[in-house]
Amino acid sequence: MVSLVDPWGIFKKSVVEVLESSFKNNNWSKPDKDFNFYIEVPPDSKLGDLSSTIAFKAAKILKEKPISIASKILRDYELNPNKLIERVDVVEPGYLNFYIKWSEYSKLVLETILNEGDSYGSSDVGVGKKVIVEHTSANPTKPIHLGTMRCAVLGDITARLLRKIGYNVEVQNYMDDLGRQVAVLAWGYQNLSGEIEKKPEYKDDYWLGLIYTAAAQKIEEKPELEESIKNILKKMEEGGNEYSDLVQKLVYMVVKGHLETAARMNIFYDLLIWEKDIVRSGLFKEALSKMLKSPHVYRIEEGEDANCIVIDMSPLGEPYKSLKKSYKILVRSDGVSTYTGKDIAFQMWKFGLAEADLKFRVFGVQKNGRILMETSQDGEANRSFGHADKVVNVIGYEQALPQQVVYQALKIMGYEEAYKNSYHLSFQWVWLPEQVAFSGRKGTWIGFHADAVLDKALQLAMEEVEKRNPEIDLELKKKIAEVIASGAVKFYLAKYSPEKKIVIDWKEAINFEGDSAPYIQYTIVRINSILSKAEHIGEPDYSLLKDETEIDIIRELSKFPSTVKEAAETYQYHLIPHYCLTLANKFNVFYHKLPVLKAENDALRAARLNLIKAVAQTLKIGLKDLIGIDIPVKM
RNA sequence: GGGCCCGUAGCCUAGCCAGGAUAGGGCGCUGGCCUUCUAAGCCAGAUGUCGCAGGUUCGAGUCCUGCCGGGCCCGCCA
């Protein structure tokens, strides 16, 4: 970490100091210690860079008109001015508007950005702490569809953001290789792989997905096939037989496909976790023995749930949320753990509250060079996994209640820290046109799986590149088209807030104009093109950057560190795409208005060159480092 | 029956948690800008009962209550 300058934060602090000292001066008391002086960004920069509505709030308590309170604050300020503040205006009926002293601020902002380089926006919030981000966790029976991709994109950005603010991040992908669905896949592979031809262009996950869907439909039609599925499930549980080997082989084929798809969007993982290994590691048994130490976890002796081990949720109020009973069953009367039980145990493992006999080995090397590990019976113990200080689970919104139950259970059992540091990053699924849900069983995913969307985007991007840059060679064209296509799709999944349902709209998903990744990519390429023509940069005089388009850019640039921090700490990852769009737009407005290379004099030319360099650099951090979208060399 | 989420122009969306000054963008539509740094861009224009009704407040898209519409969840299943 080089340095951690947050210019906007510094300006805001200056404003707070002005208000604070005036309060002290007038002997006004603050209503509470978190009192924030109601500082906000005015609707128009003509009304200041920051403003405060404190006078309205204080008016009630002091029984004085807002305008007179504001005037008193202004008077105090004028006796003790701040070097970053140009002036303070009092506006009817009582606003206090603070204006930045740009001659000082521009220099601070631009020098900070150019000095810090790629670390601009970094901070030390998470230094020395580890966070686990679990995402994707798709059923390994079919290719990833756009909904799962949204999960992956969301998780990926979360991981990148948390890394940016200093956390040691471990990205996990949890695979259910024991469920009924994989048994159905295995049955299909044995009985239907003859009729569903594997065409050369099919990826394994796509082909097996077709088989899975066909098998699921067949089984639905002929319930008598249920017997075979049960048989396969039994064999899978026993392990060490032809069925368990087959399932492992098929699941590996599918997951490799998932990883390839994710890699197309620059999404990578640190650890694959197989449910089978969790079950065999004895994790649940160990966790359960710890759970039983809590007075709220006990065996029910009689009644309909006799012989079940449960956790009493009534300390949270009875009944908790919409649960029908005041307790949740952790172990069934037949001694088998429930999903809730397993989830609690796994969450405990993530925090290092249960160790179990989990072993790890190398799965492979990813496109970005990072090694991907997996759990395995044949691996070795490795204490570097798990033991997190904070856990983010990126899981669909429909699991809001079960996730809450898991976290609340930690609290009830006395793991207060683990409870406080568990976060369910919930998101709405992607819907097919006409509000049809993605379904593996029904096969509605076919044609809308992530690879298909990316392929279609690639084809359209290629046409665009062909049209706009016919002179460049084919290899480069392909490379550029790929970056544009995957960027467009990833950005589409990233720009909406997670609780909004996305109904697939091809025009929006594969959009190269407007609020899109290519718009930002184009802006960076455009700046790089100017910079490459600049040859020399003289001595800049930043105080010459006086045009409102230049000021707008500097103001926006300076907000980057605080935006990153806010996005990471409040999990509002879509703030980053929006930030990039806003900054790119401000640059483009400036670009059309003022010349850079042919600026009136050398000092201004140098200042503008550094200004646009700072824009390109910040956009690159936002787009490439935080959203994980590459920048083409040419567009 | 209970709980959670969403409802902002023809379509998509930001703003809502921490209430303030003319509700920001994008797509689409109309018109303009490539003999000066890449037009995947920029400028101008039209399009809004912020789901509805109350309430709190000097002030409500934002907070509270009720309702309407849409999605989801409430199992010894996974």
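FYI, side chains are in, hydrogens and waters are out, and symmetry mates aren't considered; it's all heavy atoms of this structure. All chains are named by letter (A, B, ...) in the order of the sequence lines, taking the proteins before the strands, and each is independently numbered beginning at 1. This one's a predicted model, so the numbers in the text were calculated from it and none came from an experiment.
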Sugar-phosphate, base or nothing in reach of A/V589, heavy atoms under 4.0 Å: sugar-phosphate
Passing candidate, salt bridge (charged side-chain N to carboxylate O under 4.0 Å, His left out) with A/R468, options A/E466, A/E464, A/E471: A/E464
Whole-Å P distance, B/G59 and B/G54: 16 Å
Nucleotides 17-29 of chain B: protein proximity per nucleotide (B base, S sugar-phosphate only, - neither; heavy atom, under 4.0 Å): -B-BBB--SSS--
Given A/D552, A/L581, A/I551, the one that forms side-chain contact (heavy atoms from CB on, under 4.5 Å) with A/K586: A/D552
Length of the line joining A/Y591:OH and B/C43:P, which is rounded to integer Å: 14 Å
B/G61 to B/A23 separation - C1' atoms, rounded to the nearest Å: 7 Å
Complementary nucleotide for B/C77 - Watson-Crick or wobble, under 3.5 Å: none
Salt-bridge present (A/K593, A/D547; N to O < 4.0 Å): yes
Within 45° cone and under 6.0 Å: A/R526 NZ/CZ vs A/Y591 ring: yes
A/K559/A/E566 ion pair, N-O < 4.0 Å: no
pair A/P498-A/Y573: side-chain heavy atoms closer than 4.5 Å: yes
A/D305 side chain reached by A/Y327 side chain, heavy atoms, under 4.5 Å: yes
Separation of the P atoms in B/A9 and B/G24, to the nearest angstrom: 14 Å
Length of the CD-P vector between A/Q521 and B/A39, whole Å: 17 Å
Toward the 5' end of RNA chain B, by each residue's nearest nucleotide, A/P518 or A/T340: A/P518
Candidate nucleotides B/C12, B/C42, B/A14, ranked by approach to the side chain of A/H574 - the nearest: B/A14
Complementary nucleotide of B/U35, counting Watson-Crick and G-U pairs under 3.5 Å: none
Pairwise side-chain contact, A/V430 with A/L493, heavy-atom cut-off 4.5 Å (strictly under): yes
Distance, rounded to the nearest Å, where A/D505 contributes CG and B/G10 contributes C1': 13 Å
Separation of B/C42 C1' from A/H592 NE2 (nearest whole Å): 4 Å
Span that lies between the C1' atom of B/C17 and that of B/C4, in whole angstrom: 16 Å
Watson-Crick or G-U wobble partner of B/G45, both distances under 3.5 Å: B/C29
side-chain N/O A/S516 vs B/A40 OP1/OP2, d < 4.0 Å: no
Between B/A78 and B/C27 - C1' atom distance, rounded Å: 41 Å
Mate of B/G54 where both pairing distances stay under 3.5 Å, Watson-Crick or G-U: B/C64
Cationic N near anionic O, under 4.0 Å, A/R180 to A/E226: yes
Chi-angle category of B/C29 [syn within 90° of 0, anti beyond]: anti
Gap in Å between the two C1' atoms, one belonging to B/C34 and one to B/C43, rounded: 14 Å
Whole-Å gap separating P (B/C4) and NE2 (A/H424): 16 Å
Touch class at under 4.0 angstrom, heavy-atom based, for A/R180 against every strand present: nothing
d(CD1, A/I61; C1', B/C58) in whole Å: 15 Å
Parallel, tilted or perpendicular: ring planes of A/F448 versus A/F438, cut at 30 and 60 degrees: perpendicular
With 3.5 Å as the limit, what N/O pairs link the protein to nucleotides 73-77 of chain B?
| residue | atom | partner | partner atom | Å |
| --- | --- | --- | --- | --- |
| B/C74 | O2' | A/S322 | O | 2.7 |
| B/C74 | O2' | A/K324 | N | 3.4 |
| B/C74 | O2 | A/S322 | O | 3.4 |
| B/C76 | OP2 | A/K325 | NZ | 3.2 |
| B/C76 | O2 | A/S333 | N | 3.1 |
| B/C76 | O2 | A/S333 | OG | 3.1 |
| B/C76 | N3 | A/S333 | OG | 2.9 |
| B/C76 | N4 | A/E304 | O | 2.5 |
| B/C77 | OP1 | A/R332 | NH1 | 3.3 |

Whole angstrom value for the distance that separates C1' of B/C42 from CG of A/L594: 13 Å
Nearest to side-chain heavy atoms of A/M635, which nucleotide of B/A40, B/C4, B/A39: B/A40
Every protein N/O lying under 3.5 Å from an N/O of nucleotides 62-71 of chain B:
| residue | atom | partner | partner atom | Å |
| --- | --- | --- | --- | --- |
| B/G71 | O2' | A/Y397 | OH | 3.2 |

A/F56/A/Y95 aromatic ring centres below 6.0 Å: yes
Interatomic distance, A/Q403 CD vs B/C5 C1' [rounded to whole Å]: 16 Å
Distance between C1' atoms of B/G20 and B/C6 (Å, rounded): 26 Å
Side chain proximity check, A/F427 to A/Y496, heavy atoms < 4.5 angstrom: no
Aromatic centroids of A/Y492 and A/W506 separated by under 6.0 Å: no
C1' spacing across the pair B/G15 / B/G75, given as an integer number of angstrom: 40 Å
Base-pairing mate for B/C72 - Watson-Crick or G-U, with both contacts under 3.5 Å: B/G3
Paired nucleotide for B/A9 [Watson-Crick or G-U wobble; both distances under 3.5 Å]: none
A/I67 vs A/E92 side-chain heavy atoms within contact, under 4.5 Å: yes
